[in-house]
Protein chains: 2
Amino acid sequence: MDNTAPTITKLLQVDAPHRGLLDELLDKWSLQVLDQLCERSLRFNELRRAIPAVGQKSLTATLRRLERNGMITRVVLEARPVAVEYRISPIGETLNELVDALLRWTDQQLPAVQEARARYDGSGA
Amino acid sequence: MDNTAPTITKLLQVDAPHRGLLDELLDKWSLQVLDQLCERSLRFNELRRAIPAVGQKSLTATLRRLERNGMITRVVLEARPVAVEYRISPIGETLNELVDALLRWTDQQLPAVQEARARYDGSGA
DNA sequence: CGGTATCCATTGCGATACTG
DNA sequence: CAGTATCGCAATGGATACCG
């Protein structure tokens with residue numbers, strides 16, 4: 001696995017597609033959708049309820065983007081009126097592991113961050 | 001201090017500050033600035049040159065935000081006209097490790113992602 | 001239910017000009 | 001050099017209405 005793990009920095013600068021991909025995947029709603037679907041598959045309106053702050057338009061856009069990049073799959077169930085289920089994909093699961101690592105990091109560092117904020121806000125105010 | 005690491009998912013939903021922090025830290029420019037400063041400290045205009053696509057205004061905002069959250073430190077050097085150096089902080093370095101993991105992930109998954117995109121774009125077009 | 005289409009307010013962001 | 005201030009456009013994103 002260490003075949004391509006050279007100065008990671010170069011990936012950022014030289015190889016735009018890598019950055020572009022993260023830009024599409026690390027936004028506010030994607031992280032939350034990903035996290036929800038990692039627990040279990042959900043329907044459109046279930047997702048809306050699970051993430052109350054997201055608007056319908058934004059949720060649709062987020063789902064399309066995640067689907068296009070292969071992170072989730074959109075499954076149309078035969079049912080009356082219509083039923084669509086969104087599922088995490090294998091790749092999506094690997095991404096979610098990294099996102100979880102990020103979440104664990106925030107959990108650890110939040111106190112230090114809040115202290116830093118207090119210092120910054122205090123010295124400037 | 002309870003080190004309970006319960007279903008990470010709950011952190012996302014219940015605890016807004018965690019998500020909020022990631023929202024401030026995972027944007028387009030922050031990742032690149034962080035990555036640059038992890039290699040070596042840089043001055044304002046060095047950063048601009050290192051990340052040509054970023055505007056002055058956005059760079060300033062990004063630096064302030066990273067500084068406020070304790071990820072970098074702003075060091076005013078005594079020099080003529082003025083010299084300011086931006087340095088990664090210890091916390092910032094730990095964040096950058098996770099970002100690097102993300103970058104390595106994109107490097108691994110990019111082919112699969114591009115395939116997914118081709119499939120998506122092809123079936124829809 | 002699971003969307004799309006449209007309108008509209010807000011914001012983001014680049015370009016430009018100016019300052020200590 | 002390292003910013004701040006201002007302007008104006010373009011893109012987000014919410015609210016609403018409507019469709020299969």
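Since we're looking at a predicted model, the values are computed, not measured. Order of the sequence lines fixes the chain letters, A, B, ..., with proteins taken first and strands second; residue numbering starts at 1 for each chain.
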Which residues pass the side-chain hydrogen bond (donor to acceptor under 3.5 Å, both in side chains) test with A:Glu46, sequence neighbours left out?
none

Roughly what angle, to 10°, lies between the helix axis at the start of the helix from C:dC1-D:dG20 to C:dG20-D:dC1 and the one at its end, five pairs per end?
50°

Where at least one partner belongs to residues 84-98 of chain B, residue pairs that pass side-chain hydrogen bond (donor to acceptor under 3.5 Å, both in side chains), sequence neighbours excluded
A:Trp105-B:Thr94, B:Arg64-B:Tyr86, B:Arg74-B:Tyr86, B:Glu85-B:Arg87

Contacts of type side-chain hydrogen bond (donor to acceptor under 3.5 Å, both in side chains), residue B:Trp29, not counting sequence neighbours:
none

Do B:Leu25 and A:Leu102 have side chains that get closer than 4.5 Å, going by heavy atoms?
no

Apply salt bridge (Lys or Arg N to Asp or Glu O under 4.0 Å) to A:Glu67 and list each qualifying residue two or more places apart in sequence or on a separate chain.
none

Separation of B:Leu77 atom CG from D:dC1 atom C1', in whole Å?
11 Å

Side chain to side chain contact (heavy atoms under 4.5 Å, CB included) partners of B:Ala101, counting only residues at least two apart
A:Leu98, B:Arg104

When all nucleic acid strands are considered with a 4.0 Å heavy-atom cut-off, which category describes B:Arg48: base, sugar-phosphate, or nothing?
nothing

The answer to which of B:Glu85 and A:Val82 contacts DNA chain D further toward the 5' end, by nearest nucleotide, is B:Glu85

Checking the side chain of B:Thr106 only, and the main-chain atoms of B:Leu103 only, is there a donor and an acceptor separated by less than 3.5 Å?
yes

How many Å lie between CG on A:Asp23 and P on D:dA11, as a whole number?
16 Å

So, A:Gln32 side chain and A:Lys28 main chain: donor-acceptor pair closer than 3.5 Å or not?
yes

Suppose we screen for side-chain hydrogen bond (donor to acceptor under 3.5 Å, both in side chains). Which residues come up paired with A:Glu115, at least two apart in sequence or across chains?
none

I'd like the 5' and 3' limits of the part of DNA chain C contacted by chain A, with heavy-atom contacts below 4.0 Å.
C:dC1 to C:dC7

Considering residues at least two apart in sequence or located in another chain, which fulfil the side-chain hydrogen bond (donor to acceptor under 3.5 Å, both in side chains) criterion with B:Arg43?
none

Any residue of residues 52-70 of chain A with a heavy atom less than 4.0 Å from an atom of DNA chain C:
A:Gln56, A:Lys57, A:Thr60, A:Arg64

Of all pairs that satisfy side-chain hydrogen bond (donor to acceptor under 3.5 Å, both in side chains), the ones with a partner from residues 48-61 of chain B, not counting sequence neighbours:
none

Find the distance B:Arg43:CZ to D:dA2:P and express it as a whole number of Å.
4 Å

